[in-house]
Q: 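Once you've had a glance at the structure underneath, I'll fire off some questions.
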Amino acid sequence: MKPVAEQALAIVEAVPLAVPWTVAQLCGWLEQATGKRVDVAPWPLTPAAAPQPAACLVHPGRLIVRFDGRRSPRHRLQQVMHELAHLIGDDPALLRWGRTESDSLAHISHRGTMATATELRAEMVGTGLAVSSRDIADLAAAGPFRSPLRPGAHRVRTLAVLWRALTEVVPDVRLGNADSPLDQGVAEHRMRVEIEDAVVALSTQLEPPPRTGDPHGWARALTDAVDRYRRAVPATASGAHWSWPGDEQHVLAIARAWKHLHCTASAPQPR
C-alpha cells in the first residue's frame, strides 16, 4: 500500500478541474459524479456554544457538510475541504466519474485529531484541495491590516515562531512538519490552520485582549494561556471565544508581536 502522503497527492491530482477552482465548482463536480445534491453550510451555533468539529453525512440524495462558521475564512475552507476529502477519498469511484453506491457510506465523520490513517489522509487531501482553490488567493487582500504582500517564504518565517510554540504545546493539531522544505503555499496554509486549531485547544485558558485589534495584546494573552495550559490550571474561560482574527495580515502582526515578546525576552542582555 502507498504511504498516506502519496495516496493523498494522487487523490488531489485526480480531481478533473482546472486549478485554481472554486468550492462551488468542486461541489458541482461531486454532484455530477454522485447524482446527489451537495449541501455545505455552517452549524446553527450561538456565539457562546462550545467548539464544534466539522462533519459530513451521506444521505439518500444528499451529501451534507457542516462546519463551525465562527472560525476564520481560511479555517472554514479547511474544514469544508477535509469533509469533502472524506467523500472523495473514501469512495474512489468518484474519481472515475461513475455513479456510486455512496448510500452505503451513510455515516458521520468528524474533523478531529489525525489519530487514524483515514483522518490523516482526509486532512492531507483537504489541504491539497484548499491550496488548489481560488479562495486562498483572495484571503490576504481583505481586512484593515492589508498591506503589500511579502513573498511566501517571508510569511512562513514570520508565522514559524508562533506556530512552533503553540503546536509544541498542542502537538495533536500538527500534520507533519510544516517548517520542513514544502511548497511555501502549503507551509503557510498548514501553519495558519494549525495555529488556529491550537488556539481552539487553548480556548478554555484564553482571555482575548480588551482590544482585539492589538497584536501585542494577543501575544501576551496567548503567552498567559500557554502557561496556564502547561500548568493544568482549571479553566478560566468558557472556550467560546471566537474572536481569533480572520484577517491574514493581522495574524502576521500577532506572530511578529509573539516573536518580539519571546525572542527579545530570551536574548542575552549586554553586560
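In this chain, numbering begins with 1 at the start of the sequence shown. Computed from a prediction, not measured in an experiment: that's the story for all the values here.
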Q: How long is the gap from CG on Asp135 to CZ on Arg76, to the nearest 0.5 Å?
A: 10.5 Å
Q: Return the minimal non-hydrogen interatomic distance between Gly126 and Met81, and the atom names on each side.
A: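 Nearest heavy atoms, Gly126 then Met81: O-CB, 3.3 Å.
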Q: Run the salt bridge (Lys or Arg N to Asp or Glu O under 4.0 Å) test against Arg220 and tell me which residues pass, sequence neighbours left out.
A: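 Listed in chain order: Asp214.
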Q: Indicate yes or no: at least one non-hydrogen side-chain atom of Glu83 is less than 4.5 angstrom from one of Arg66.
A: no
Q: With a 4.5 Å cut-off on side-chain heavy atoms, are Ile136 and Arg74 touching?
A: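 In short, these two side chains touch, coming nearer than 4.5 Å.
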Q: Could you tell me whether Arg174 and Glu123 make a salt bridge, using a distance below 4.0 angstrom between a side-chain N and a carboxylate O?
A: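 Answer for the salt bridge query: no.
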Q: Search all heavy atoms of Ser72 against all heavy atoms of Gly246 and return the closest pair with its distance.
A: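 Looking at all heavy atoms of both residues, the shortest contact is CB-CA, 3.7 Å.
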Q: Kindly work out whether a path of hydrophobic side-chain contacts (I/L/V/M/F/W/Y, heavy atoms less than 4.5 Å apart) joins Val125 to Trp29.
A: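 Linked within one cluster.
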Q: Of the non-hydrogen atoms in Arg134 and Pro20, which two are nearest, and what is the gap between them?
A: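 Minimum heavy-atom separation between Arg134 and Pro20: NH2-O, 3.4 Å.
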Q: Is there side-chain contact between Ile195 and Ile254, with heavy atoms separated by less than 4.5 Å?
A: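 Counting from C-beta outward, Ile195 and Ile254 never come under 4.5 Å.
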Q: Between atom CZ of Arg37 and atom SG of Cys27, what is the distance when rounded to the nearest 0.5 Å?
A: 11.5 Å
Q: Got a sec, which residues hit side-chain hydrogen bond (donor to acceptor under 3.5 Å, both in side chains) with Thr223, two or more places apart in sequence or on another chain?
A: His262
Q: Using modelled atom types and a 3.5 Å cut-off, is there a donor and acceptor pairing between side-chain atoms of Gln205 and backbone atoms of Leu202?
A: no
Q: For a side chain to side chain donor-acceptor pair (under 3.5 Å) with Arg192, tell me which candidate from Glu188, His189, Glu196 qualifies.
A: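 Option passing the side chain to side chain donor-acceptor pair (under 3.5 Å) with Arg192: Glu188.
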Q: Say you draw a straight line from OH of Tyr229 to OG of Ser203; how long is it, rounded to the nearest 0.5 Å?
A: 10.0 Å
Q: Which is it for Leu162 and Lys259 under the side-chain contact (heavy atoms from CB on, under 4.5 Å) test, yes or no, and what are the steps along the way?
A: CA-CA 7 Å; Leu162 175 61; Lys259 183 176 181 179; over 6 Å; no
Q: Would Leu63 and Thr34 satisfy side-chain contact (heavy atoms from CB on, under 4.5 Å), going step by step from the backbone distance to the final call?
A: CA-CA 9 Å; Leu63 304 175; Thr34 64; 3.9 Å; yes
Q: Which pair of non-hydrogen atoms, one from Cys56 and one from Val65, has the smallest distance, and what is that distance?
A: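 Looking at all heavy atoms of both residues, the shortest contact is CB-CG2, 4.3 Å.
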Q: Looking at Gly213 and Pro215, what are the two nearest heavy atoms and their distance?
A: O-CD, 3.2 Å
Q: Would a 4.5 Å heavy-atom cut-off, applied to side chains only, mark Leu175 and Met124 as touching?
A: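 When only atoms from C-beta onward are counted, Met124 and Leu175 do touch, with a gap below 4.5 Å.
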Q: With a 4.5 Å heavy-atom cut-off, do Trp163 and Val156 have their side chains touching?
A: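 They are not in side-chain contact.
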Q: Can you list the residues that meet the salt bridge (Lys or Arg N to Asp or Glu O under 4.0 Å) rule with Arg62, with sequence neighbours excluded?
A: Asp39
Q: Just jot down the salt bridge (Lys or Arg N to Asp or Glu O under 4.0 Å) partners of Arg231, sequence neighbours excluded, or say none.
A: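 By the salt bridge (Lys or Arg N to Asp or Glu O under 4.0 Å) rule, Arg231 matches Asp227.
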Q: To the nearest 0.5 angstrom, please state how far the CD atom of Gln184 sits from the CZ atom of Arg155.
A: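 Atom-to-atom, Gln184:CD and Arg155:CZ are 9.0 Å apart.
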Q: Could you measure the distance from the CG atom of Leu77 to the CZ atom of Phe67? Nearest 0.5 Å is fine.
A: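 That separation rounds to 9.5 Å.
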Q: Test of understanding: with side-chain hydrogen bond (donor to acceptor under 3.5 Å, both in side chains), list the residues that count as partners of Thr158, not counting sequence neighbours.
A: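 For Thr158, no residue satisfies side-chain hydrogen bond (donor to acceptor under 3.5 Å, both in side chains) once neighbours in sequence are set aside.
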Q: Quick one: do Asp183 and Arg190 make a salt bridge, cutoff under 4.0 Å?
A: no
Q: Walk me through whether Leu30 and Leu84 qualify under side-chain contact (heavy atoms from CB on, under 4.5 Å).
A: CA-CA 9 Å; Leu30 280 168; Leu84 294 180; 3.6 Å; yes
Q: For Ala198 and Leu166, which heavy atoms make the closest approach, and how far apart are they?
A: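 Shortest heavy-atom separation between Ala198 and Leu166 comes out as CB-CB, 3.8 Å.
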Q: Working note: Glu194 + Thr167, criterion side chain to side chain donor-acceptor pair (under 3.5 Å); need CA distance, chi angles, decisive distance, verdict.
A: CA-CA 7 Å; Glu194 291 169 18; Thr167 59; 5.4 Å; no
Q: Do Leu159 and Val161 land in one hydrophobic cluster if side-chain heavy atoms of ILVMFWY residues count as linked below 4.5 Å?
A: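 Yes, it is one cluster - the side chains of Leu159 and Val161 are joined through contacts under 4.5 Å.
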Q: Would you check if His75 and Val200 make a side-chain contact, meaning some heavy-atom pair closer than 4.5 Å?
A: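 When only atoms from C-beta onward are counted, Val200 and His75 do not touch, as no gap falls below 4.5 Å.
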Q: Determine, stepwise, if the pair Leu26 / Leu17 fulfils side-chain contact (heavy atoms from CB on, under 4.5 Å).
A: CA-CA 8 Å; Leu26 181 62; Leu17 296 174; 4.1 Å; yes
Q: Looking at side-chain heavy atoms only, is the closest gap between Thr212 and Trp244 below 4.5 Å?
A: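 Of all side-chain heavy-atom pairs linking Trp244 with Thr212, none is under 4.5 Å.
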Q: Check whether any side-chain heavy atom of Asp224 lies under 4.5 Å from a side-chain heavy atom of Arg228, and answer yes or no.
A: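 Sidechains of Arg228 and Asp224: in contact.
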Q: Tell me every residue that passes side chain to side chain contact (heavy atoms under 4.5 Å, CB included) with Leu45, counting only those two or more places apart in sequence or in another chain.
A: Trp43, Ala49, Gln52, Asp68, Arg70
Q: Starting at CG of Leu129, measure out to NE2 of His82 and round the result to the nearest 0.5 Å.
A: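 The NE2 atom of His82 is 11.5 Å from CG of Leu129, to the nearest 0.5 Å.
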